[in-house]
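In this chain, residues are counted from 1 in sequence order. Order of listing sets the numbers, starting from 1, for every ligand and every atom in it. Side chains included, hydrogens not; waters and symmetry mates left out as well; all remaining heavy atoms used.
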Amino acid sequence: MIEAAVQTRTRGQYIMAAVVAAGVTLGIGELLAGLVDRIPSTLSSIGAIAVDNVPTSIERWAIDTFGTGDKAALLLGIVASTLLIAGAVGIWMQRSGVVVAAPLFIGFGFVGLVASLNQTLISVPMTVLAAVLATGSGLYALYFLLQTPGARLTDTVVGEPTDGVPDDPSRRQFVGRAVGLSALAVGGGVLGRRLLTATRSSDVTLPAAGTLPGVAAENFFEIDGLESVVVANDSFYRIDTALIIPRVPVDNWTLSIDGLVDNPVEFTFGELAARDLVEDYITIACVSNPVGGGLVGNAKWTGVRLAELLEEAGPTDEAEQVVGWSVDRWASGFPIETVFDGREPLVAIAMNDEPLPARHGFPARLIVPGLYGYVSATKWLERIELTTWDGFDSYWVPRGWLKEGPIQTSSRIDVPHKGDRVPAGEVVTAGVAWAPLKEIERVEVQLDDGPWLEAELTQPLSNKAWVQWKATLTVPDGDHLLRVRATDGTGEIQTAIEQRSLPSAATGHHTIEIKARA
Ligand SMILES: Nc1nc2c(c(=O)[nH]1)N[C@H]1C(S)=C(S)[C@@H](COP(=O)(O)O)O[C@H]1N2
Ligand SMILES: [Mo]
């Protein structure tokens, strides 16, 4: 029966069957990973291996080209390649029979499994089971599709003669099943990815919020398109090397402080949460943020003063560098002076009054005001190691970035948006400006080669937080360039010299084109 069916099938159907079956395998795999904490995503696991083996130049190109979408691009690339290979398997099946599919599917499942077993914090038996289930679903989908018309061809044609081509109903059935399975694959995959990136911090209770004043009227401008002065957790930028967001089981988690200390210490989450917690509005930024880019945000962070924890451990006289290690073996490193110079770095356990979202470092992360994230803001923190300055280079330093990473004074135009068409005449422009610790003293905007006009500023939420600015310009009919620059509390004006981000953050004035029309 199946033999006969095989004869009547087109090449397109073989290709479609193989592609859909591969899609089902991927979709079910992601779904299982999303549903069960200790099963890693196969896609992300393969991506992680790709990232680990890719030269830094390509990694940097990907970040520059796709920005925060670099991971999505990589994962989509892996999906597309897999489906392409599946298409080739389809063609091969037409030539050599359906039997060739089984070993190939199992082979692929095995590759995915090996990649997954490479991840940390997983259960090996559950991961193996997931691989078997995902591969099995794919093979079953293939069988389900290729088994359709041949067996039923006679029945349908006899039972219900139509004026169409004789194999029309069977073809329709094939397409119907293919569409259904594709929906299953896409639905499972999308749901799985959503679950994978979802917060796993609901079982944590935090002490009541402290006494930090909330956002008052003088702290923000209400302007459409202007970034919020406190960025919501869901829209806060995310940058890290983790393809799989570590989901740290908080019950077994501890933070240890060791290295060049007299008294190594270790804290559970409960112990940290029970201490005196400090709240602060702190703007953090990524060194690879391009001028005008969105890899910067301001949040209310709650945590334990790092100084207090280090004092308990008692750094020795040789200790010069604080290294923050994450559960996924990523590290940042910053000078120990920054812990005791009054800026008050935090071991943060809450972001905007919620437990840290998984993507932002649950259960704990470092936040050091005034330093870029790559040298300071370790997420999924599990160990703080004290060492000498020369004794260790953290993750991005051997990759060409400067070892010290103070945040540059910067400003950005949010409104109007680049390329926007605005009515000629009075145009409201607005944006954000930041210089954590130094504070923003002045923001100025310039239309074409006109004079620099001073913008109005919001009251800063703290000396570590950004401010919003706004200005009203008279813009004549025509195309114009609008630029912004900030001056910080040291009196230094943001440089106009354009420089790309490596090795120390991009510089230059954010400049956008606008089209004013009468
Ligand atoms: N574990 C870990 N922590 C990390 C990173 C990382 O790759 N791994 N990236 C850092 C960088 S480069 C930045 S800019 C900030 C970004 O923090 P966010 O994703 O919460 O905005 O996290 C830092 N902490
Ligand atoms: Mo970063």
Open item on the list: Using a 4.0 Å cut-off to any heavy atom of C286, which atoms of ligand 1 qualify?
Closed with: 14 (S)

Open item on the list: List ligand 1 atoms under 4.0 Å from T378, heavy atoms only on the residue side.
Closed with: 3 (N), 24 (N)

Open item on the list: Test of understanding: given a 4.0 Å heavy-atom threshold, classify the contact between Y372 and ligand 1 as side chain, backbone, both, or neither.
Closed with: neither

TODO: Consider every N or O of T241 and every N or O of ligand 1, then say whether any pair is closer than 3.5 Å.
DONE: yes

Open item on the list: Side chains of E266 and T254: any donor to acceptor distance under 3.5 Å?
Closed with: yes

Task: Option of least heavy-atom distance to atom 1 (N) of ligand 1 (set: E382, K379, R329, R365) - done: K379

- [ ] Count the heavy atoms of every other residue, nucleotide or ligand shown that sit under 6.0 Å from CZ of F110, and state whether that count exceeds 12.
- [x] no

Open item on the list: Looking at E271, I'd like to know if its CD atom is crowded, meaning that more than 12 non-hydrogen atoms belonging to other residues, nucleotides or ligands lie closer than 6.0 Å.
Closed with: yes

Task: By side chain to side chain donor-acceptor pair (under 3.5 Å) - contacts of D52 (at least two apart) - done: none

Task: Sub-3.5 Å N/O-N/O distance, A285 and ligand 1 - done: no

Task: Expected output: side-chain T511 to main-chain H509 donor-acceptor under 3.5 Å - done: yes

TODO: Could you tell me whether some N/O pair between I239 and ligand 1 is separated by less than 3.5 angstrom?
DONE: yes

Open item on the list: Please compare W380, W330, Y395 and report which has the shortest non-hydrogen distance to atom 6 (C) of ligand 1.
Closed with: W330

Task: Atoms of ligand 1 close to D328 [distance to a heavy atom under 4.0 angstrom, numbered from 1] - done: 1 (N)

Open item on the list: Can you confirm whether or not the ring centre of Y374 sits under 6.0 Å from the ring centre of W330?
Closed with: no

Open item on the list: Run the side-chain contact (heavy atoms from CB on, under 4.5 Å) test against E344 and tell me which residues pass, sequence neighbours left out.
Closed with: R305, A307

TODO: Give the atoms of ligand 1, by number and element, whose distance to some non-hydrogen atom of F236 is under 4.0 Å.
DONE: 21 (O)

TODO: Can you label the angle between the F269 ring and the F362 ring as parallel, tilted or perpendicular, going by 30° and 60°?
DONE: tilted

Task: Within reach of ligand 1, part of S326 (heavy-atom separation under 4.0 Å) - done: side chain

Open item on the list: Test of understanding: given a 4.0 Å heavy-atom threshold, classify the contact between Y237 and ligand 1 as side chain, backbone, both, or neither.
Closed with: both

Open item on the list: With heavy-atom distances below 4.0 Å as the criterion, list the atoms of ligand 1 near Y374.
Closed with: 11 (C), 12 (S)

Task: Sidechain-backbone polar pair: S228 side chain, V231 backbone, donor-acceptor under 3.5 Å - done: no

Task: Shortest protein heavy-atom distance from atom 13 (C) of ligand 1, along with the residue and atom involved - done: G373 CA, 3.7 Å

